[in-house]
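Reading through the structure tokens given below for one structure.
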Amino acid sequence: MKSWYKDSIVYQIYPRSFQDSAETAFPNDGIGDIPGIISRLDEIKELGVNVIWLSPVYKSPDADNGYDISDYYDISPKFGTMADMERLFAEAKKRDIRIIMDLVINHTSDEHEWFQKSRDPASPYRNYYIWQPGKNSRKQPPNNWTGFFTGDTWEYDEKSGEYYLHLFDKKQPDLNFKNPKVIEEVKNILRFWLDKGAAGFRCDVINIIYKTSLEDGKKSMAVRGLEHYKSQEGAHEVLRELRRDVLDKYDCFTVGETVFVDLEDAKLLCNEDRKELNMLFFFDHLEVDRRIAQFIPKKFHAHKLLKVTTKWQQGLDWNAVYFENHDQPRIVSHYGAAESERALPGEMWKRSAKMLALFEMTLRGTLFIYQGQEIGMTNFDFKSMDELNDVVSFGINKLMKKLFIPGFLRWKWIKASSRDNARTPMQWNNDENAGFSRGKPWLGVNNNYRHINYESQKKDPDSILNFYKKLIALRKESKCLVYGEFLPLYADSRLIIYRRKLNNEIYTIALNFSSNEIKLPGKYLPCFSGDRVISASGRKQESRMLPWDGVLIKTANY
């Protein structure tokens, strides 16, 4: 298989928040759709990306915003029709843009035909899912597992007389990958979309699809029962079978979203010799300032971020590089200066967004940019839980309430970490609803859209958007920035210095993660004696770095 994906820049679209149109059965309904995406393909092309990752557009009752699929072979009417989807493939191809689909196979919707039929114990679909009798005369669930959306993982079904397993929402029953028929169904789904024109798949929570055992889980502060299904040998076998029988017969790639994966797990999942995934997403680099996943904050230290980054950059043959997606807070609000400029975005917001862009664009691997990241969109200015839509946020609030965490603290943590921060509508211009829709948006539009929007930045040569375009163009010209070694040089609590090296081509990168001006360590000043390629502030390189600045130097061997 060709490795074109290694040179690619991928742009993730969260369809319901990207662009609404009047060309569906629900015109201007405040929900983005496929015709809306088609109308923006030229903007995506102008950015310099050549692959789109499309979050789910399949038919779904939307218990989890499309990650609960009721029909893998149909499009949700909210997003359009199959004809619209085929037109999207065709229009993207005209612009040399490929599309990868979101593959959600750990679970389906409870409204999927397979599940509804499986509720009959005599049905041939019974073993498509994981059904179990309860303990103690059916009064207790089959085991003590807890789920990723907090709470129980078993739901009793009156019609069936048994419990079914759901690691996520109760409307997302888990499929049974011990059943060969389920694997064949997945193969058919893959073929269907690859034949339609898909260039690959982002595979949702792919390392937990196989449940080796249903025994009780060990006591845990996080998810209980994980040891029975995280990165099991059965999952590896399924991935190898899908690769062998389907994926390797097409010019495509896969990237896996993984749960609680460590480096050793990752090496098995995306080692090219094993022929499972081509690359995977991990989360360590976004959790160096979090105590429990993304929810409870602790102090940020730049040296910890460099340590984690180095571990993955040097540990894997190939990385999927990302700072944002539909499940993460906006990076400029997380690691940048946006939260210190609460009233209106200012110079530090802008510079820190550029600095973070420089960081991501100078890492080894396939790059993934999330919609709105290229204009420095920030976390939403939520006022209360009533403005949220995210099922995880409500589950976390419920759990923290049980732990007697005060309401003001619960809200502080949820406001900063809610998945809805990344799901607010794309800010296209300063018209009503940021140019996203003529109807009431399904989720609130950030009030800063008049100051942060695509249209105004397109016209500004010094904008974040145009900085992204410059970096993408630079990366396309440099094999070193794509394939070169990642070599850490220095880090403290605020400053990171590293370099990229391929043969005689060397780039040195310095990043200031603080609102203070920093003096560069004298030992490393020779690294900065070369040609200044680009910087977040635009200032010529000196011995000191401005607040939130980032600089890229093409340097002599050092």
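All values below come from the heavy atoms of this structure, side chains included, with hydrogens, waters and symmetry mates left out. The model shown is predicted, which means the values in this text are computed figures rather than measured ones.
Shown here for F168 and N106, the closest heavy-atom pair between the two residues is CE1-ND2, 3.8 Å. Annotation for L552 and T362: closest pair CD1-CG2, 4.2 Å, computed over non-hydrogen atoms. Nearest heavy-atom pair across T366 and K6 is OG1-CA, 3.5 Å. When all heavy atoms of G48 and I472 are compared, the pair lying nearest together is O-CG2, 3.7 Å.
Remark: the Y468 side chain and the Q373 side chain contain an N/O donor-acceptor pair separated by less than 3.5 Å. Between the side chains of T258 and N207, no donor-acceptor pair of N or O atoms lies under 3.5 Å. When only modelled atom types and interatomic distance are considered, S3 and W318 share no side-chain donor-acceptor pair under 3.5 Å. No donor-acceptor contact under 3.5 angstrom links the side chains of E324 and Q371, judged on distance only. Looking at H334 and D289, their side chains do bring a donor and an acceptor atom within 3.5 Å of each other. Side-chain polar atoms of N325 and D327 form no donor-acceptor pair below 3.5 angstrom. For the 3.5 Å distance criterion, the side chains of R410 and N397 qualify, holding a donor opposite an acceptor. Under the 3.5 Å distance criterion, with hydrogens and angles disregarded, no donor-acceptor pair is assigned to the side chains of S456 and N430. Side chains of S70 and S109: no donor on one and acceptor on the other come within 3.5 Å. N446 and T424 share no side-chain donor-acceptor pair at under 3.5 Å. In the model, Q12 has a side-chain atom that pairs as donor or acceptor with a side-chain atom of S55 under 3.5 Å. For the residue pair D102/Y67, the side-chain donor-acceptor check at 3.5 Å is satisfied.
In this structure, OG in S60 is found 7.0 Å from CD1 in I69, a value given to the nearest 0.5 Å. Considering CD1 of I405 and CG of L403, their distance stands at 5.0 Å, rounded to 0.5 Å. To the nearest 0.5 Å, atoms NZ (K415) and CZ (F408) are separated by 15.0 Å.
R364 forms no cation-pi arrangement with W312, by the criterion of a distance under 6.0 Å to the ring centre and an angle within 45° of the ring axis. A cation-pi arrangement is present between R98 and W4 under the rule of less than 6.0 angstrom and at most 45 degrees off the ring axis.
Remark: side-chain polar atoms of Q457 are not paired, donor with acceptor, to backbone N or O of Y454 under 3.5 angstrom. No donor-acceptor distance shorter than 3.5 angstrom exists from the side chain of E387 to the backbone of M385, with no hydrogens or angles considered. With hydrogens and angles ignored, the 3.5 Å screen pairs a side-chain donor or acceptor of D420 with a backbone N or O of D390. In this structure, the side chain of W114 does not engage the main chain of L175 through any donor-acceptor pair within 3.5 Å. Of the possible polar contacts, none joining the S8 side chain to the V51 backbone as a donor-acceptor pair under 3.5 Å is found. N453 contributes a side-chain N or O that, together with a main-chain N or O of E455, makes up a donor-acceptor pair within less than 3.5 Å. In this structure, R475 contributes its side chain and M361 its backbone to a donor-acceptor pair below 3.5 Å. In this structure, W349 contributes its side chain and G376 its backbone to a donor-acceptor pair below 3.5 Å. Here the side chain of D549 pairs no donor or acceptor atom with the backbone of N512 at under 3.5 angstrom. Side chain of D174 to main chain of L167: a donor-acceptor pair is present (N/O by atom type, distance under 3.5 Å, no hydrogens or angles).
In this structure, Y322 and F281 have perpendicular ring planes: the angle between them is above 60°, well past the 30° mark. Taking the six-membered ring for Trp and thresholds of 30 and 60 degrees, F282 and H285 have ring planes more than 60 degrees apart, a perpendicular arrangement.
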Note to self: Show, in sequence, the C-alpha distance, side-chain angles and deciding distance for Y73 and N188, and conclude whether the side chain to side chain donor-acceptor pair (under 3.5 Å) test is met.
What the structure shows: CA-CA 10 Å; Y73 299 99; N188 290 334; 5.0 Å; no
Margin query: Pair D84, T81 - check side chain to side chain donor-acceptor pair (under 3.5 Å), show working.
Written below: CA-CA 5 Å; D84 290 327; T81 65; 3.2 Å; yes
Notebook entry, point to check: Would N466 and D460 count as a side chain to side chain donor-acceptor pair (under 3.5 Å) if you check the C-alpha gap in whole Å, the side-chain angles of each, and the deciding distance to 0.1 Å?
Noted result: CA-CA 8 Å; N466 284 308; D460 177 7; over 6 Å; no
Notebook entry, point to check: Which is it for S537 and W548 under the side chain to side chain donor-acceptor pair (under 3.5 Å) test, yes or no, and what are the steps along the way?
Noted result: CA-CA 8 Å; S537 67; W548 299 107; over 6 Å; no
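The local environment of NZ in K412 is sparse, with at most 12 non-hydrogen atoms from other residues, nucleotides or ligands closer than 6.0 Å. Atom NZ of K298 has more than 12 heavy atoms from other residues, nucleotides or ligands within 6.0 Å. Heavy atoms of other residues, nucleotides or ligands lying less than 6.0 angstrom from NZ of K170 number 12 at most. The neighbour count for E432 CD, taken as heavy atoms of other residues, nucleotides or ligands under 6.0 Å away, does not exceed 12. More than 12 heavy-atom neighbours from other residues, nucleotides or ligands sit within 6.0 angstrom of NZ on K383.
Between D42 and R40 there is no salt bridge, since no side-chain N of the basic residue sits under 4.0 Å from a carboxylate O of the acidic one. A salt bridge links R419 with D64: at least one charged nitrogen is closer than 4.0 Å to a carboxylate oxygen. Using a 4.0 Å cut-off between a side-chain N of Lys or Arg and a carboxylate O of Asp or Glu, D62 and K78 qualify as a salt bridge. Residues E43 and K458 are not paired through a salt bridge, judged by the lack of any N-O separation under 4.0 Å between the basic side chain and the carboxylate. For the pair R95 and E91, the salt-bridge criterion is met [side-chain N within less than 4.0 Å of a carboxylate O]. The pair K171-E111 meets the salt-bridge criterion, with a side-chain N (NZ, NE, NH1 or NH2) lying under 4.0 Å from an Asp/Glu carboxylate O. Salt-bridge formation is detected for the pair R87/E23: a Lys NZ or Arg NE/NH1/NH2 atom is positioned less than 4.0 Å from an Asp or Glu carboxylate oxygen. Between D462 and R351 no salt bridge is recorded (no basic side-chain N to carboxylate O distance below 4.0 Å). Contact check on K59 versus D68 returns no salt bridge, with no Lys/Arg side-chain nitrogen under 4.0 Å from an Asp/Glu carboxylate oxygen.
Here the two rings, on Y370 and H326, have centers that are 6.0 Å apart or farther. Checked against a 6.0 Å centroid threshold, the rings of W53 and Y14 do not count as neighbours. For F201 and F253, the distance between ring centers is not under 6.0 angstrom.
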